[in-house]
Amino acid sequence: MRRRWWLAVPLVIFALFLLAVGWRLSAPPDATVKSRLVGRAMPEFQLPAATPGRPDLRSADLAGGGPKLVNLFASWCVPCIAEAPVLGELKGRGVTIHGIAIRDAPADVAAFLRDHGNPYRRIGADPRSQVQMTLGSSGVPESFVVDGRGVIRYQHIGPIMPQDVPTVLAELEKAG
Amino acid sequence: MLAAPAVADSGQPAAPYAYRQLTDPEQEARAKALMEELRCLVCQGQSIADSDAELAGDMRSLVRERIAAGESPEQVRSWLVERYGSWVSYAPVLGADTLLLYAAPLLLLLLGGLLAARRLKRRAR
Amino acid sequence: MIAEAGLAALWLAAALSLLQLVASLAGPRVPELRRLIVPVAAAQGALTLFAFLMLLWLFLRTDLSVQLVAANSHSMKPWIYRFAGTWGNHEGSMLLWVTVLTVAGALLALLERRLPERTLHATLGAQAALALGFFAFLLLASNPFARLVPAPRQGLGLNPLLQDPGLAFHPPTLYFGYVGLSVAFSLAVGALLTREVGPALARTMRPWVLGAWVLLTVGITAGSYWAYYELGWGGWWFWDPVENASLMPWLAATALLHSISVLAARGGLRTWTIMLAVVAFSMSMVGTFLVRSGILTSVHSFAVDPARGSFILALLALYVGGALFLFATRVGTVKEGAGFDIVSREGALVLNNLLLSVILGTVFVGTLYPLLAEAVSGEKLSVGPPYFNAVTGPLTLALALLLFIGPLLRWRRDSRPNAPRIAAPLVVTVLAFAASFVLDPAMSALARLGLGVAAGLAVASLLPLAGRNLRRTPLATWGMVISHLGVAVAIAGAAADTAFTEETLAAARPGETLAVGPWQVRLGSVVPVAGPNWTAVEGRLSASRGGRTIDLQPQSRFFSDPPTETNEAAIRTLWDGQLYAVISGAEDGGRWQLRLWWKPLVTLIWLGGGLIALGGLLALLGRWWRGRRRVREPELAYA
């Protein structure tokens, strides 16, 4: 009987395949795309005010002062409505929150703030997702924790729900 | 019809170069080639050149505007990779983690060629 | 009662497949059991077919007391979609799969005469083992006949987006192909068990592989065209995981088809042919698993279910692992066949197999690499068209070049290949390559090479007919020639699409005219239109070139339930290409986004695919015809 080692090669490749897909079945894929800018300085940007009569948002506003939360939202985004009261609660606990309104119109943003509360100190308008892409974000809502020196410390993808509040507060604490 | 985006639409007008070409055909060709190699962030595996999603439109506009401003396709690509990781590019950069990927065809060719050659030699005997 | 009858038939068939497995395992020692194998296989096939027909009937009369029907059908659906709805869901498609598998087993048991009886019985044992696993899956985890109490008043399956002839008939085409490969798999396992690998095995295997290959070719070609018109951006192949999942079994089957002809004609490549037969069906199962488990993200959405994915994975591990283990331990004792020179028909076919296998391996690695990379490093990466095109493009061209000489070589040894014949296509290639510089100096190198090689191959593919009496040329030879011509046609189409496509994207007001390639396209008006379950805006475009004007009416449709927006492309096929128009959305100032493409010669891609399949069909018919007439001619194994 002539045994040849290479006859077992297909079996070995198949075992590798089983290992890889078995791993994937046990650890379902995470569909989110994380920003690579966590741990790096906030890129420079200047956004006009999202609603007339309220302050605009520039990256310079994020460099000074204590830690803050930058929240990307939109009036057309349904999960953002669910997130709004939680942001209000965070604001009540003394968190500075800045907003970036993605692909939105001034009147719609104003109506959204009227209906769901305004936790934001400043809101910039990003009508073509340019700053969103600059931040490495791929959807709304998303939030970034930025420390006092303007470095991005943490990214939260999706709405901040009540159960996420301790994590977000802890990240803000760490950034302080 | 499968291109229906998975996220809600803003209903806002598309970015200027989402659905419009650059006037310089050479720049447009370069932008187009790059767009075909960039992955739409909110789709299920489509390039931004094949997607009706709004963010894909914004990415197309970003690519065209930067190419028109004189950036090279590779600069635009690395700007995006810097932010989203190599996931965003359909052309993986050759590196330690992709060595096997790029070596695979050569290894297969070599291995298969050796097997076939061994056969032939034995037959010639 | 219909559902219960179907379920009972299914259980009975499952029990028979167990009996068939036991009988074929014990068969060598117990002649009484051995005699059972063939009738049991036939009965099993009949029972499963009966169960499938019951389900078909339930769907046709929309029996809502059956859960599967209630969840996936609706009495208001056109009958053709109620009919196709039978397999348009997980349970039904698994039942279809098992039905085809067991009917194929029954046909093999009843019709096969060439194979040694021992090997046939071992093969039917392997087939029963396959069927048993899928019966278990069906009966334990996806019962299609489960009742719903109380029965709802109406079904849930009226999603208009799923009422599409492409969706209705594309999956079963691929399934039939996969199951055809399962027969080759079982034959390989049977032959490994009895160690009887020879020309008889190859001749038994060939019609199944040919048939499967024809169906896979049709399925892939149709799927590509479907994506082309549905996705609305002019692309026809995306190297998406689901596309790759259907391409991999096809590549393996193509290689197998060619190695089988060496085994049938010369008794060579025994080990390798067995390997490919195992791999071809393994790839079918891997593909089904990748698609159904949803572990790779794809643009082609499917109902995915990780739990069912695990079940399929378990079956996959059992069958493929088992077969590969048998291969590793047993194939060393299989006697090798006759030898040959490198310059010979066998040599060319070995090279063909090498190139096809490298393409297959690369697609496999590229498809799964993101998974592998993430498992090892936690980093996500994407492998897409740039990688696949860069690797498969040159390899495909090398394959095409090989076709210039391969079919002209003699078996075993060809010391004096026919030089003038080989030179002709090379000259054509060089001329076409040179002409491409005149035609378009800015073309990409790969497209230029593609056009040149395609032109040469078109000539080369016809050469095996040169000097023959065409009326007496066997159909199988015609089949080979037409398939190879199809390869040339498809390559030409793909290269032409890359090289010559003109694109115009613009926002236009009614009355404005846009230019795309040689065409002047005027947006006449944009009007609202309504269908049975959608409303749409329709662009009325008129395109003119020279003196000729054609009308195009692309639509942007809005469905309310579920709320979805789709673009219906307007595609007009002309003799020299296709005009492709899409209207997508409104912009400021009463302008509409228009996407226009002029794609010269693009239809050649699918025409080529059709020719490849037609060639396979001719070869299949020719062999069947010759088998029936029992004409003893010298073996001319081509296809």
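We name chains A, B, ... by the order of the sequence lines, and we start the count at 1 in each one.
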Please flag which part of Glu503(C) lies under 4.5 Å from any non-hydrogen atom of chain B: side chain, backbone, both or neither. both

For residues 359-368 of chain C, give me every residue with a non-hydrogen atom less than 4.5 Å from any non-hydrogen atom of chain B. Gly361(C), Thr362(C), Val365(C), Gly366(C)

Give, as side chain, backbone, both or neither, the part of Thr271(C) having an atom under 4.5 angstrom from any heavy atom of chain B. side chain

Where the side chain of Glu379(C) meets the backbone of Gly85(B), is there a donor-acceptor pair that is under 3.5 Å apart? no

CD1/Ile48(B) to CH2/Trp233(C) distance, rounded to the nearest 0.5 angstrom? 10.0 Å

Verify, without hydrogens or angle tests, whether Tyr19(B) (side chain) and Ser584(C) (backbone) share a donor-acceptor contact under 3.5 angstrom. no

Is Ala18(B) in contact with chain C via its backbone, its side chain, both, or neither, using a 4.5 Å heavy-atom distance? neither

Rounded distance (nearest 0.5 Å) linking atom OH of Tyr369(C) with atom OG1 of Thr98(B): 6.0 Å

Do Asp50(B) and Leu231(C) have side-chain heavy atoms sitting under 4.5 Å apart? no

Ala91(B) versus chain C, the contacting section by heavy-atom distance below 4.5 Å: both

Let me know if Leu354(C) has heavy atoms under 4.5 Å from chain B in its side chain, its backbone, both or neither. side chain

Please flag which part of Arg595(C) lies under 4.5 Å from any non-hydrogen atom of chain B: side chain, backbone, both or neither. side chain

Answer with side chain, backbone, both or neither: which region of Val350(C) has an atom nearer than 4.5 Å to a non-hydrogen atom of chain B? side chain

Please classify the contact of Pro105(B) with chain C as side chain, backbone, both or neither, using a heavy-atom distance under 4.5 Å. both

Below 4.5 Å from any heavy atom of chain C, which atoms of Leu107(B) appear? Answer side chain, backbone, both or neither. neither

Looking only at heavy atoms, which two atoms of Gln21(B) and Leu505(C) are closest? And how far apart? OE1-N, 2.7 Å

Could you state the interatomic distance from OH (Tyr387(C)) to CD (Glu37(B)), rounded to the nearest 0.5 Å? 14.5 Å

Measure the CZ-CZ distance between Arg20(B) and Arg591(C) for me, rounded to the nearest 0.5 Å. 5.0 Å

Among Leu395(C), Leu351(C), Leu381(C), residue most engaged with chain B (heavy-atom pairs, under 4.5 Å): Leu381(C)

Counting only N and O atoms by type, is there a donor-acceptor contact under 3.5 Å from the side chain of Ser382(C) to the main-chain atoms of Val88(B)? no

